[in-house]
Amino acid sequence: MSSCGLQRFKFNHCCKHTIFAPYNAMIMKHYDHVAVEKKWQDYWAKNKTFKAVNHSDKPKFYALDMFPYPSGAGLHVGHPLGYIASDIVSRYKRHKGFNVLHPMGYDSFGLPAEQYAIQTGQHPAITTKENIARYREQMDRIGFSFDWDREVRTSSPDYYKYTQEIFIMLFESWYDKDEDRARPIEELVVRFRESGTTTINAATDEDLREFTAVEWNAFTEKEQQEILLDYRLTFLADTEVNWCPALGTVLANDEIVNGVSERGGHPVVRKKMRQWMMRISAFAERLLNDLEDLDWSDSIKEIQRNWIGKSVGAMVSFKLEKASSPLERIEERLKIDVFTTRPDTIYGVTFMTLAPEHELVDQITTDAQRDAVEAYKKATAARSERERMADVKTISGVFTGAYATHPLSGEPVPVWIGDYVLAGYGTGAVMAVPCGDERDHAFANYFAGQDGMPAIKNIFDGVDISEEAYTAKDNTPICNSDFLNGLSYKEAMKVAIEKLEEIGAGKGKTNYRLRDAVFSRQRYWGEPFPVYYKDGLPQMIDRKHLPIELPEVDEYLPTEDGAPPLGRATTWSWCTMENKVVSNDDDRDCVYPLELNTMPGWAGSSWYMFRYMDANNENEMFSKEAQEYWQNVDLYIGGSEHATGHLLYSRFWVKLLHDLGKVTVKEPFQKMINQGMILGESGYVKITTPYLTESNSAGFSRYSQGLRSFISEDLEIKNEDYKDLELENRYIASVINNWKPVNNHQHLSDNMGSHSLPTRVINNLKYSVEDFINDFKGNITFKDRIIPVSIEFIGHKNILDEEGFKRSHLDSEKFEIIRNENGDFKVSREVEKMSKSKFNVVNPDDICEQYGADTLRLYEMFLGPLEQAKPWNTAGITGVYGFMKKLWKLYHNDNGFSVSEDKASPDSMKTLHKTIKKVQDDIENFSFNTSVSSFMIAVNELTAQKCNGREVLEPLAILVSPYAPHIAEELWSLLGHKESISEAPFPVFDEKHLVESSKKYPISFNGKMKFTLDLPVDATKDELEKLVLSNDKVQQQLEKKTVRKTIVVPGKIVNFVIS
RNA sequence: GCUCGAGUGGUGGAAUUGGUAGACACGUUGGACUUAAAAUCCAAUGGGUAGUAAUGCCCGUACGGGUUCAAGUCCCGUCUCGAGUACCA
């Protein structure tokens, strides 16, 4: 928005109304949104109108928005979309007699503030505070019914002390698979003491050591702690992580898109680091199952299901064959474990493939194959993750020379390595069944005939697998499979697993794609861990000493030796005597180093919905009573981009809190709506740049850039077209280095430096391209590209406001505009995500200023269904603003406020009750756009009816109030009410006002509607038919026709089938 | 590639369980008011076609079929767009 646009508006505004007149409702004839909105925003703030109470006889309703990250850019019109929707529901529920909790806060830890700090030295806390102030100001202008007394900020120590506490709770818990819940670690210690690992079925890494009670009791304290670390729900592990060198931190899987960082698009590499991990995998099954009962969109549920990635199958062990392997040192015990979802196809195993990184590869490779294997491993390691992902077509692999023994048939199975097997999934090894798996099939065919690649074993009766694998599971006719022959898929699965278990070669197993989550970030601006290290073992700081506040650092960068930014803090050690953070120089024995990592962004947002319930509790994260009253969120509104991050992690934490008895609910968000993104409309100007190449006789050539031209979007400049254009006023000789146009010899030679080629300066010469080519032995080519242009300079039919464009985009740069044959300069438009660099960000403040918050609220809803992505286009806003004015007028005449006490007409009552029903149904179904339409219809009808009766206008104000609360409050007070409208009971729909004596029936012939007839609404089928047939128009249609059939549906339609 | 979702005027979008397609709004055109502009109000507005007109006829919900008295809505196939996911054994 240009400031001059605003100025102009203000001017108009003042002309229309009394300038500087003190606001007085009774003399205000015209709708003045500025005065009305200011008045009521102040009123709400002063009276704390929307303060929710934790004890009430009313039913509760908890509406929550995904809280924003307060970025420096402020809110744009896309942000409030969801807030407006939840605000409408909240206000509606208050009218309906609910005690409503509708809070707002800030997810205020995060990268942008930190990066700004790195650049400017400004403490992120200061930036964050400023940004929050701006967000608050913007939100206040829109008139949300938030209970601001419950605001939370994740970066506030008052808040993050409890985030730290939850971390401690995770550390002090283990997962009991028998009872399928998290339990306190002390209970595990008791059981270890009594019976060792024998009775324990815990969620841990594979292959943990087992021990007896006697052994446990004999372990040292340190050994015991080390063992317990393997059981805790948050634990330290050396894992391959996604390290982003540019950001200097690790990233979670969901923070990586297409192999580069989601934020900034920086490359990501694999790196082994010691990190805090969250054992979310223990909860995989519950996270999957509990999706069922959630009222979420299918697509989000599906995304989570895929992310969790459950697959049911079996673990199968293949022993390495000593006899068949030329290598003597392969021990009999050596085996390869594989995970398969198709144990029914076990007799189809033709070979095995290991991931190149698999730990057994080196041990089993024969001397003959060693060079090839080494070379392959090297080649794979050199390929980046991104390359491997991008290139899924190329088949590659190497035979190790080793053979394993088929556990059932006893036949030798060659062992290969190939990068289509991922080290990180399952066991990093597969049993390859080419007849039943596409990838195995492709691999087998690619290496067919080579040493170690036998013919494909086909176990499907009568199925031709020479071209492709048979992957269907139904009606699988299994053959050549001994005891599995003839069994169905399901039976064969079951029988095969039983047999494998019986002979000790495998067992049924369910695998999940969901990995344990990395919880450490090498950042400054995040929650510090409440952890210090003693003898290399992590120790939790007692809860009563929380919060552990972020230390001051001189710079927000990693240290020289690569430690995270907290490594720069000089006061960052823990004294176990004083129980406080002390200087690193303190060399007492009781002082230990503190953890240098901080928590990731999702830590604070994983439990904030509970903090709102009791936001100012200084003794605990929230009281039991508060949580029991509010339960969980009834309506959660936010973007779908958090499907695999926030929405999964918060479900995980809630399950933990539930298991530990901290909350009564299993899920945080019962009903969720994902609002669609509001897209910005950006404009693009096409630029064509001539590149001129000159060459001398010695064969040297120089490349010059001619003056760039802006060309109308509908023109396509080709080389041959351009030949007709003269090079008038172009400075075609230019500087090698930075292509600056130059216009004199001196300047040119300065820039040319030691270049040996003769320089040609064409200074304001008229040269056709042809002449240029002839005279200079030059060549000319053109390149087109587009640059974004602010949408405010794009007029009707995409014609550019050239002056404005020049002023704001080009400074004093010289350029030429090439217009189309009509003399217009056209630009292209694109609808895309709002971003600063595209000049397409629309700020809600300007709309509030010009049209008011009520209009903004209505308009955002009017744009279309909430869940749908839609472009922002201010063009239509005048229609909504017009509606506001018409609404105002219903309550006013030329002399000011005027409402009659007379009985309203039946028509007006009908309009009112029709609208009550529609609006109520719409809000319950979250169809906000259609409500706005029905308001418009109602106001249009009432205006036409000249209705100004209190009987209608009073309930109408309440109907409108959730959508346009300011005007509703004003009208309500003009109607004589002393209290806020916010808790006025919602009008009750009464069907009797809609009852009519007749209905317009559509009369159709062969299914095509010809006209309508007014018919009595209570007429029976037969009566209707008689009435219709007696009608002249109907008879006209039926002339010379035979009625084959008559369909009469009372209340709906009459249809004649004629011929 | 796979999974999910969506295709309706110039535009955003309406349309209960199949029952008057295009509500409402923008835009456009014409008109009223005005010295003029803005604002406001009125009228027309899916396409085609016949008629001076009232009015009528035909075609229309991405495309091709089908079910039905009746299909934007249900079924089958195709295309396009969007989102998610990416060798998951």
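Chain letters run A, B, ... following the sequence lines, proteins first, then strands; residues in each count from 1.
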Asks: So, does S640(A) get its side chain near the phosphate of A83(B), meaning an N or O under 4.0 Å from OP1 or OP2?
Replies: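 For A83(B), neither OP1 nor OP2 has a side-chain N or O of S640(A) closer than 4.0 Å.
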Asks: Look at N306(A) and C2(B) and indicate whether a side-chain polar atom (N or O) is within less than 4.0 Å of OP1 or OP2.
Replies: no
Asks: Based on Watson-Crick and G-U pairs with both distances under 3.5 Å, what dot-bracket line describes RNA chain B 5' to 3', crossing pairs as [ ] and inter-strand pairs as |?
Replies: (((((((..(((......[....)))((((((.......))))))(((((....)))))..(((((..]....))))))))))))....
Asks: Mark yes or no: K917(A) above the aromatic ring of F989(A), with NZ or CZ under 6.0 Å from the six-membered ring centre and no more than 45 degrees from the axis.
Replies: yes
Asks: Could you check which of A14(B), C87(B), A86(B) has an atom nearest any side-chain atom of R513(A)?
Replies: A86(B)
Asks: How does protein reach along nucleotides 17-23 of chain B, written 5' to 3' as B (base within reach of a heavy atom under 4.0 Å), S (only sugar-phosphate), or - (no contact)?
Replies: B-BB--B
Asks: Rounding to an integer number of angstrom, what distance separates U34(B) and A38(B) when you compare their P atoms?
Replies: 15 Å
Asks: Is the distance from OP1 or OP2 of C58(B) to the nearest side-chain N or O of K1010(A) less than 4.0 Å?
Replies: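 Checking C58(B) against K1010(A), a side-chain N or O does come within under 4.0 Å of OP1 or OP2.
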Asks: I want to verify the glycosidic state of G64(B); is it syn or anti under the 90° rule?
Replies: anti
Asks: State whether R515(A) places a side-chain N or O below 4.0 Å from either non-bridging phosphate oxygen (OP1 or OP2) of C88(B).
Replies: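 R515(A) to C88(B) OP1/OP2: no side-chain N or O under 4.0 Å.
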Asks: Strictly distance-based, threshold 3.5 Å: is any side-chain N or O of R439(A) a donor or acceptor partner for the main-chain N or O of D437(A)?
Replies: no
Asks: Got a second to check how far I300(A)'s CD1 is from M672(A)'s CE, nearest 0.5 Å?
Replies: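 Output value for this atom pair is 5.0 Å.
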